[in-house]
Amino acid sequence: MQKNKPDYYNDLDKVYLRIWELFKLGLKDRNLPFHIPVFICGNKDKSNGRIVVLRGVDENEKKIWFHSDIRSNKIKILKSNAKAVLLFYDKNEKIQLRVSGYTKINYQNHVSQKSWGNTAHLSRQCYLGDKAPGTKVSIPTSGLTTEVDNLKYTKEESEIGYKNFCVIETYIESIEWLYLAAKGHRRAYFNLNKKKLEKKWLIP
Ligand SMILES: Cc1cc2nc3c(=O)[nH]c(=O)nc-3n(C[C@H](O)[C@H](O)[C@H](O)COP(=O)(O)O)c2cc1C
């Protein structure tokens, strides 16, 4: 828990560095709130948010990514509008981030192949159902066989899930940072789309 003001409190460069630090810490530590942002996308008619697990961070390419099922509803939405937002909040850091960018769906390419290869076979469980996520069913069910439900499958058997697996990268265009603390709020905006990073303070 922070008692004093952090060293980035009045320093935009330090704020920006801290943002990438928080992404990287969230990537590694499943107990940190930055591990599970809300991914929001939409089209003309509807928008929706859902929790995802942060699976990769690339500061040089300014992108972050998560894994998903190619049959899920968000894929249809992203195909009609590739723009999306990832929303992060860390209560201890007192930081909210609104990360906006455009997405790329990696399916059956070298990116998805690499991530799938690094995915432990028991973690592949959610890609082993016959039915697409969100399919209407007449009984309550996980959609998995009893064996898969009980994690009784081999690595070889888990390979079939690759056909449902994709990696959704978000190429970051801008980040809105909010530090909300009783001792004085701060808000900042970073445009990563320019040749030189554009950074400015906003009224919180
Ligand atoms: C803790 C947690 C982690 C999740 N991680 C992911 C994830 O990494 N990728 C994903 O597609 N869905 C993940 N989900 C499920 C989504 O929140 C969502 O229910 C699912 O992707 C279907 O969303 P859609 O119908 O909007 O496509 C996670 C849910 C929870 C509660």
Side-chain angles (χ1 to χ4, degrees), residues 22-58 61-93 95-145 148-149 151 153 158-172:
L22 289 176
F23 284 153
K24 288 172 201 168
L25 290 168
L27 178 66
K28 279 197 229 130
D29 188 342
R30 64 206 313 255
N31 294 313
L32 290 177
F34 269 41
H35 192 63
I36 47 167
V38 178
F39 178 77
I40 302 161
C41 57
N43 55 28
K44 292 207 290 295
D45 301 324
K46 53 181 174 206
S47 59
N48 213 341
R50 73 287 286 154
I51 297 279
V52 296
V53 175
L54 187 62
R55 295 290 184 185
V57 174
D58 185 330
E61 290 207 42
K62 298 175 198 141
K63 66 178 181 183
I64 56 182
W65 60 92
F66 63 93
H67 298 165
S68 199
D69 191 309
I70 194 72
R71 302 167 296 175
S72 64
N73 287 326
K74 68 182 88 51
I75 302 294
K76 292 174 200 90
I77 296 172
L78 292 173
K79 282 185 177 164
S80 70
N81 176 18
K83 296 272 184 176
V85 170
L86 283 142
L87 182 65
F88 296 79
Y89 177 60
D90 186 319
K91 190 168 185 276
N92 287 334
E93 288 278 328
I95 296 220
Q96 168 184 271
L97 291 186
R98 295 198 279 199
V99 177
S100 305
Y102 63 92
T103 51
K104 181 179 175 202
I105 301 163
N106 292 280
Y107 180 62
Q108 309 236 312
N109 66 10
H110 67 284
V111 174
S112 62
Q113 186 74 62
K114 188 171 167 210
S115 291
W116 181 252
N118 290 333
T119 303
H121 90 275
L122 295 182
S123 307
R124 295 173 172 177
Q125 186 193 44
C126 47
Y127 302 101
L128 299 178
D130 283 345
K131 293 193 170 65
T135 303
K136 289 194 184 97
V137 282
S138 53
I139 49 157
T141 172
S142 67
L144 303 172
T145 62
V148 174
D149 246 344
L151 299 172
Y153 57 90
S158 76
E159 293 298 343
I160 196 167
Y162 183 58
K163 68 177 189 308
N164 301 323
F165 177 80
C166 67
V167 178
I168 302 181
E169 293 173 315
T170 300
Y171 286 81
I172 303 174

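Everything numeric here is computed off the predicted structure, so don't read it as measured data. One-based numbering, in listed order, for ligands and for the atoms of each. Both backbone and side-chain heavy atoms feed into the values below; hydrogens, waters and symmetry mates do not. Residues: numbered from 1 along the sequence shown.
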(request) Enumerate the atoms of ligand 1 whose separation from the nearest heavy atom of Ser72 is less than 4.0 angstrom. (result) 27 (O)

(message) I want to know if ligand 1 touches Ser68 in the polar sense, i.e. an N/O pair below 3.5 angstrom.
(response) yes

(request) Check whether any side-chain N or O of Thr141 sits under 3.5 Å from a backbone N or O of Gly143 as a donor-acceptor pair, and report yes or no. (result) yes

(message) Any side-chain to backbone donor/acceptor pair from Tyr153 onto His121? Under 3.5 Å, distance only.
(response) yes

(message) Between ligand 1 and Val53, is the shortest N or O to N or O distance under 3.5 Å?
(response) yes

(message) Quiz question for you: does at least one protein heavy atom lie closer than 4.0 Å to atom 19 (O) of ligand 1?
(response) no

(request) Would you indicate which of Lys74, Arg50, Lys76 comes nearest to atom 21 (O) of ligand 1 when only heavy atoms are counted? (result) Lys74

(message) Whether the side chain of His35 engages the backbone of Gly26 through a donor-acceptor N/O pair (distance < 3.5 Å, no angle test) should be reported.
(response) yes

(message) Using a plain distance cutoff, I'd like to know if Ile51 has any nitrogen or oxygen under 3.5 Å from a nitrogen or oxygen of ligand 1.
(response) yes

(message) Please check: side-chain N/O of Asn43 versus main-chain N/O of Asn81, any donor-acceptor pairing under 3.5 Å?
(response) no

(request) Work out whether the distance between some heavy atom of Asn48 and some atom of ligand 1 is less than 4.0 Å. (result) no

(request) Check whether more than 12 heavy atoms from other residues, nucleotides or ligands sit under 6.0 Å from atom CG of Asp45, and answer yes or no. (result) yes

(message) With a 4.5 Å cut-off on side-chain heavy atoms, are Lys74 and Ser68 touching?
(response) yes

(request) Under 4.0 Å from a heavy atom of His67: give me the atoms of ligand 1 that qualify, with their elements. (result) 7 (C), 8 (O), 9 (N), 10 (C), 11 (O)

